[in-house]
2 protein chains.
Amino acid sequence: MSHVGYRCLMAVDREQVLRSAAILLTRKSTATMDEVARAAGLSRATLHRHFAGRDALVRALESLGIAECEAALAAARTDEGPAAEAVRRLVRAMEPSAGLLAFLYTENQLFEGEEQNEGWARIDAGLTELFRRGQESGEFRIDLTPAWLTEALYGLLASGAWAVAEGRVARNDFTHMIVELLLGGALRREEP
Amino acid sequence: MSHVGYRCLMAVDREQVLRSAAILLTRKSTATMDEVARAAGLSRATLHRHFAGRDALVRALESLGIAECEAALAAARTDEGPAAEAVRRLVRAMEPSAGLLAFLYTENQLFEGEEQNEGWARIDAGLTELFRRGQESGEFRIDLTPAWLTEALYGLLASGAWAVAEGRVARNDFTHMIVELLLGGALRREEP
DNA sequence: CCCACATGAGACATTCTTGTCTCATGCCGG
DNA sequence: CCGGCATGAGACAAGAATGTCTCATGTGGG
């Protein structure tokens, strides 16, 4: 098993690098490759050995974000039970990825090219389908389109991630804040 | 009135330049000074004559955004009538500025320095006060903090602006989508 | 008619980032 | 103990963006 042996030499964990890059880029989306490398605890040269360039790094982050979104969609079993409960499970499952998604959401460079990652289309379809199911079952109102609810979910995840990062809301309240606002809104319910 | 006379020579309308810059930067936040100049229909040299540099341009956009927000806050008379109606008037008044706000919202460079424009604090205070008033009057639920509602309003304005810009939601539905989601949420109300 | 002034075009140096390269170091396995 | 390999440090060139400059142009007002 020689190919396993030299893994002990690999002090660089690709996944770990992407995570720290996501944290930094969420806070400062224009961070340089050098800053990303320092944040990950390695040199710029080594960072370049693992990711051909800044573009490749962003693409890798995109793939990571897509993978985490799809995992969250699967874990939340969005096609089972009441749609409202499914949304709650989904937001909870996406919470750890919120920072990364906030970065990708504002990286509009990813979406201006004609060849955008098809993963987003699959995720959008999953989210849209969930909201559409909720409308058909009578749980959700029909004057808010599934497309807008999907967009709003992205926006609230990003806002929540930033608000938590800057200490304006408590991290523990993240899921509650987003789910309750997305589903129930700010108005008090008359009936208990 | 010599100082009025040469105004006729000023083909460059500072306000107009800022508007076109806002539109471009909302779509591509990394646009160069040259691109901004072209979008405004003038040369890079002239753009530099009116705004000392890119930083000054962004600062001017920030001032414009703050001014428009404060104007919207004043126009919406957020201290009069039901808080829910005040929120509706406010979102309607902020709609034209949503694109600019979306750009400023993601320009975190504006907020990392210790000397951030005090205008944001005033606007935050106005918004927070509105949501707090709604809570005290019993209109709004109390488990969603005014700080979070303020943050969510920013996020939804940005999401709405992008969704409209990319054609995912109709421009005419902008205010309705945001206000209804922010106040009422996605769930159907039981009582009419 | 002529002058003042704003503009456009472009040259230029500077700075920053990127991408690639080389070389020395250190550590693990054999 | 020794060789291979990943890493760190740094040099280097290429490219892009910025900021500043000069000069020519055209237009409007006096």
Side-chain angles (χ1 to χ4, degrees), chain A residues 1-62 103 106-110 112-113, chain B residues 1-62 103 106-110 112-113:
Chain A
M1 284 188 154
S2 59
H3 66 287
V4 175
Y6 70 74
R7 243 209 276 172
C8 307
L9 284 173
M10 310 259 289
V12 172
D13 179 7
R14 184 184 168 94
E15 179 98 357
Q16 196 63 26
V17 172
L18 286 177
R19 300 241 165 251
S20 63
I23 293 174
L24 174 61
L25 289 172
T26 297
R27 186 161 47 84
K28 183 183 178 184
S29 60
T30 61
T32 67
M33 291 293 277
D34 191 78
E35 292 174 292
V36 172
R38 303 294 166 155
L42 40 85
S43 71
R44 194 166 68 94
T46 304
L47 180 62
H48 263 90
R49 286 189 188 101
H50 288 266
F51 302 95
R54 184 190 181 78
D55 196 66
L57 177 67
V58 174
R59 291 294 168 184
L61 283 170
E62 183 184 32
F103 163 69
T106 60
E107 196 73 0
N108 33 27
Q109 171 199 3
L110 291 173
E112 64 187 7
Chain B
M1 284 191 162
S2 59
H3 67 287
V4 176
Y6 69 72
R7 240 209 281 172
C8 309
L9 284 174
M10 309 259 290
V12 173
D13 180 6
R14 184 184 168 93
E15 178 98 358
Q16 197 62 25
V17 172
L18 286 178
R19 300 241 166 252
S20 63
I23 293 174
L24 174 61
L25 289 172
T26 297
R27 185 161 47 86
K28 183 183 178 185
S29 61
T30 62
T32 67
M33 291 292 277
D34 193 77
E35 292 174 293
V36 171
R38 302 295 165 156
L42 40 85
S43 70
R44 194 166 67 94
T46 303
L47 181 61
H48 263 91
R49 287 189 188 100
H50 288 267
F51 302 95
R54 184 190 181 77
D55 197 65
L57 178 67
V58 173
R59 290 294 168 186
L61 284 170
E62 183 185 33
F103 163 68
T106 59
E107 197 73 0
N108 33 28
Q109 170 199 3
L110 291 173
E112 64 187 7

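Residue numbers begin at 1 in each chain, while the letters A, B, ... track the order of the sequences. Predicted model only: the values in this text are computed from it and were never measured.
- Take B:Arg59 and apply the salt bridge (charged side-chain N to carboxylate O under 4.0 Å, His left out) test, not counting sequence neighbours, and it matches B:Glu62.
- Spacing between atom CG of B:Leu57 and atom C1' of D:dG19 amounts to 14 Å, rounded to whole angstrom units.
- Nearest approach of A:Met33 to A:Leu57, heavy atoms of both residues: SD-CD2, 4.2 Å.
- Applying the 4.0 Å criterion to OP1 and OP2 of D:dA6, one finds that A:His50 has every side-chain N and O outside that range.
- Atom P of nucleotide D:dT7 and atom CD of A:Gln16 are separated by 14 Å, given to the nearest angstrom.
- Taking for each of B:Arg38 and A:Ala45 the nucleotide of DNA chain C with the nearest heavy atom, the 5'-most of the two is the partner of B:Arg38.
- Identified under the side chain to side chain donor-acceptor pair (under 3.5 Å) test for residues 18-28 of chain B, with sequence neighbours left out: B:Glu15-B:Arg19, B:Arg19-B:Glu68, B:Lys28-B:Glu35.
- Looking at every heavy atom in both residues, B:Ala39 comes nearest to B:Leu24 through CB-CD2, 3.8 Å.
- Looking at B:Arg49, its side chain comes within 3.5 Å of the base of C:dG8 through a donor and an acceptor atom.
- Here the closest non-hydrogen pair linking B:Ala60 and B:Arg14 is CB-NH2, 4.1 Å.
- We find that CG of A:Leu47 is positioned 13 Å from C1' of D:dT7, with the value rounded to whole Å.
- Proximity of A:Thr46 to the phosphate of D:dT7: no side-chain N or O atom is located under 4.0 Å from OP1 or OP2.
- Between the C1' atom of C:dT15 and the CG atom of B:Asp55 lies a distance of 15 Å, rounded to the nearest Å.
- Rounding to the nearest 0.5 Å gives a distance of 10.0 Å between NE2 of A:His48 and CG of A:Asp34.
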What does the list of N/O pairs under 3.5 Å between the protein and nucleotides 14-18 of chain D look like, with a distance for each?
residue: D:dT18; atom: OP1; partner: B:Arg54; partner atom: NH1; Å: 3.4
residue: D:dT18; atom: OP2; partner: B:Met33; partner atom: N; Å: 3.0

